[in-house]
Amino acid sequence: MNQKELNEIRRRWKLDRNAISRIYGCYVNSNKSVISTFDTSLGLMPQEETEMYLGLMKKTLSGTLGKNLIDIGFSTAQVADSEEHRLLMTLKNAALKDDEAREALFGRIIESLSLEESNYLILLAADSYDVPYRGKDDELQSDAGGEVFSYFLCCICPVKASELELRYHNESGEFRSCSTGQITTAPVLGFLFPCFDDRSSNIYNALYSAHNPALIHQELIDAVFRTQPPMTAPEQKDAFQTVMESTLAEECSFDVAQAVHEQIRSRIALHKEAKIPEMLALSANEMGDILKDSGLTAAKAASFQDECRRQFGDTPLNPTNIIDPRKFDVE
């Protein structure tokens, strides 16, 4: 998914823009025991409550593509015949109304996930989007619908323990202690299935969300998707620095490092100014060109390219994951 497609789906999570009929939930304690489950109709909820549920779930789609929002790809064999993909497709096709499939997903999440001794809430909601046609002027035309994109969103929210506060009581005219109860916080994990690629359904991919890019909970990915995700943002940054140090050796001076950083930062800025929805990516060849333009020899640049291919394969680098465009640090 690119940024424009992500924004289009994010806009669905408003009170008057979605086709969501029910919210499903499972409240789990730190011992992996289910405290309660619920199946609630949005039509019967107070408006304020509905907006709070939708707001929580919308936050699952917040963050940066390639950093907080990670593309999870299924192999052709998995899509053809695998338990994990079959479960996700059952949930999608049934709009989450299949009780057995829903309980199976809850079970996989609960069995694999621990959130540092914290209770947590799993929320599920399914939406059906009549995708409008996008004209040549890039404007959406609501009277010219295309396909219907059916998908569901899962989010996992830590639950804070109750706290005591002093609250005013009108009857007595006094402040008395009262508990704030269990409070649901913003989601830290979640996923969207299937992906909305080229403004169409792509059952070969899911979009995985991790609030902290350094803590993606690989165990949850293994349990739900049974596939290897791409490198996390911190892993990409560490691998890039290792490649720089190991291949450039004494040529990796302050001036060279600063020149490389400035060239990458410039490309990020130009990409942002151009408002290109696709995520910026740099191939090993492009990185080699950057190194040569930064004053390195062709031999060193070639060595760097070879090591990049060994570390990252054919996957291009996300420049926002390997440098911080706001500052240049030397340690």
Side-chain angles (χ1 to χ4, degrees), residues 1-6 63-76 195 197-198 202 204-205 207-208 210 212-214 216 218 221 227-331:
M1 291 173 68
N2 63 36
Q3 190 62 51
K4 190 174 289 185
E5 291 161 346
L6 177 64
T64 305
L65 287 168
K67 193 169 189 175
N68 310 92
L69 300 171
I70 305 167
D71 187 63
I72 300 289
F74 291 101
S75 67
T76 303
C195 272
D197 290 333
D198 295 325
N202 177 9
Y204 282 79
N205 291 82
L207 187 68
Y208 185 78
N212 182 353
I216 66 169
Q218 177 67 48
I221 296 173
T227 189
Q228 185 65 34
M231 277 186 178
T232 64
E235 288 172 342
Q236 286 183 36
K237 186 174 183 178
D238 289 344
F240 178 75
Q241 291 175 343
T242 299
V243 172
M244 286 276 288
E245 293 166 3
S246 63
T247 58
L248 307 188
E250 69 280 353
E251 289 191 38
C252 189
S253 64
F254 176 88
D255 291 339
V256 167
Q258 188 175 37
V260 169
H261 184 279
E262 181 57 30
Q263 286 205 53
I264 297 175
R265 189 200 64 79
S266 177
R267 294 198 183 202
I268 293 172
L270 289 172
H271 185 270
K272 186 175 181 179
E273 288 173 11
K275 296 182 179 180
I276 300 171
E278 282 72 28
M279 186 176 65
L280 177 62
L282 297 175
S283 66
N285 287 339
E286 288 174 308
M287 284 304 307
D289 292 338
I290 287 174
L291 291 176
K292 283 185 282 188
D293 291 342
S294 301
L296 288 169
T297 62
K300 283 293 184 183
S303 177
F304 176 87
Q305 288 173 325
D306 292 341
E307 187 61 20
C308 264
R309 294 188 186 97
R310 193 183 71 80
Q311 287 277 356
F312 302 104
D314 295 327
T315 304
L317 293 170
N318 182 343
T320 59
N321 287 348
I322 60 177
I323 70 160
D324 185 343
R326 298 165 299 180
K327 58 184 179 181
F328 174 61
D329 286 340
V330 176
E331 297 180 5

>> Distance check, rounded to the nearest 0.5 Å: Tyr208 atom OH versus Ile221 atom CD1?
In response: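 The OH atom of Tyr208 sits 4.5 Å away from the CD1 atom of Ile221.
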> Just how far is it from atom OG1 of Thr64 to atom CD1 of Ile70, taken to the nearest 0.5 Å?
Replying inline: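 Between atom OG1 of Thr64 and atom CD1 of Ile70 there are 11.5 Å.
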Scan the side chains in residues 237-246 for donor-acceptor partners under 3.5 Å anywhere in the protein, sequence neighbours excluded, and list what turns up.
{"unit_1": "Thr242", "atom_1": "OG1", "unit_2": "Asp238", "atom_2": "O", "d": "2.9"}
{"unit_1": "Ser246", "atom_1": "OG", "unit_2": "Thr242", "atom_2": "O", "d": "2.9"}
{"unit_1": "Ser246", "atom_1": "OG", "unit_2": "Val243", "atom_2": "O", "d": "3.3"}

So, using side chain to side chain donor-acceptor pair (under 3.5 Å) as the criterion, who are the partners of [X] when residues are at least two apart?
{"X": "Gln228", "value": "none"}
{"X": "Ser303", "value": "none"}
{"X": "Asn68", "value": "none"}
{"X": "Gln311", "value": "none"}

>> Pair Met287, Ile264 - check side-chain contact (heavy atoms from CB on, under 4.5 Å), show working.
In response: CA-CA 9 Å; Met287 284 304 307; Ile264 297 175; 4.0 Å; yes
Minimum heavy-atom separation for [X] to [Y], with atom names?
{"X": "Ala233", "Y": "Pro213", "value": "CB-CB, 4.2 Å"}
{"X": "Phe304", "Y": "Thr247", "value": "CD1-OG1, 3.6 Å"}
{"X": "Ile72", "Y": "Pro229", "value": "CD1-CB, 3.7 Å"}
{"X": "Asp198", "Y": "Glu5", "value": "N-OE2, 2.7 Å"}
{"X": "Gly66", "Y": "Asn321", "value": "O-ND2, 2.8 Å"}
{"X": "Thr227", "Y": "Gln218", "value": "O-NE2, 4.1 Å"}

> Which residues satisfy the side chain to side chain contact (heavy atoms under 4.5 Å, CB included) test with Asp306, sequence neighbours excluded?
Replying inline: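 Checked Asp306 against side chain to side chain contact (heavy atoms under 4.5 Å, CB included); matches are Arg309.
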>> So, using side chain to side chain contact (heavy atoms under 4.5 Å, CB included) as the criterion, who are the partners of Asp71 when residues are at least two apart?
In response: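 Here the qualifying residues are Cys195, Asn205.
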> Do Asn318 side-chain atoms and Ala281 backbone N/O form a donor-acceptor pair below 3.5 Å?
Replying inline: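 Flag not set: sc Asn318 to bb Ala281 has no pair under 3.5 Å.
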> With Glu307, which residues qualify under salt bridge (Lys or Arg N to Asp or Glu O under 4.0 Å), at least two apart?
Replying inline: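 Scan of Glu307 (salt bridge (Lys or Arg N to Asp or Glu O under 4.0 Å), adjacent residues dropped) gives Arg310.
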> Run the side-chain contact (heavy atoms from CB on, under 4.5 Å) check on Leu207 and Leu6 step by step: do they pass?
Replying inline: CA-CA 10 Å; Leu207 187 68; Leu6 177 64; 4.0 Å; yes
For residues 270-277, please give each side-chain donor-acceptor pair under 3.5 Å, one per line with the distance, not counting sequence neighbours.
{"unit_1": "His271", "atom_1": "NE2", "unit_2": "Glu278", "atom_2": "O", "d": "2.8"}

Sequence neighbours left out, cut at 3.5 Å: what donor-acceptor pairs do the side chains of residues 289-298 make with other protein atoms?
{"unit_1": "Ser294", "atom_1": "OG", "unit_2": "Gln263", "atom_2": "NE2", "d": "3.2"}
{"unit_1": "Ser294", "atom_1": "OG", "unit_2": "Ile290", "atom_2": "O", "d": "2.8"}
{"unit_1": "Thr297", "atom_1": "OG1", "unit_2": "Lys300", "atom_2": "N", "d": "3.2"}

> So do the side chains of Ile268 and Thr320 get within less than 4.5 Å of each other, counting heavy atoms only?
Replying inline: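 In contact.
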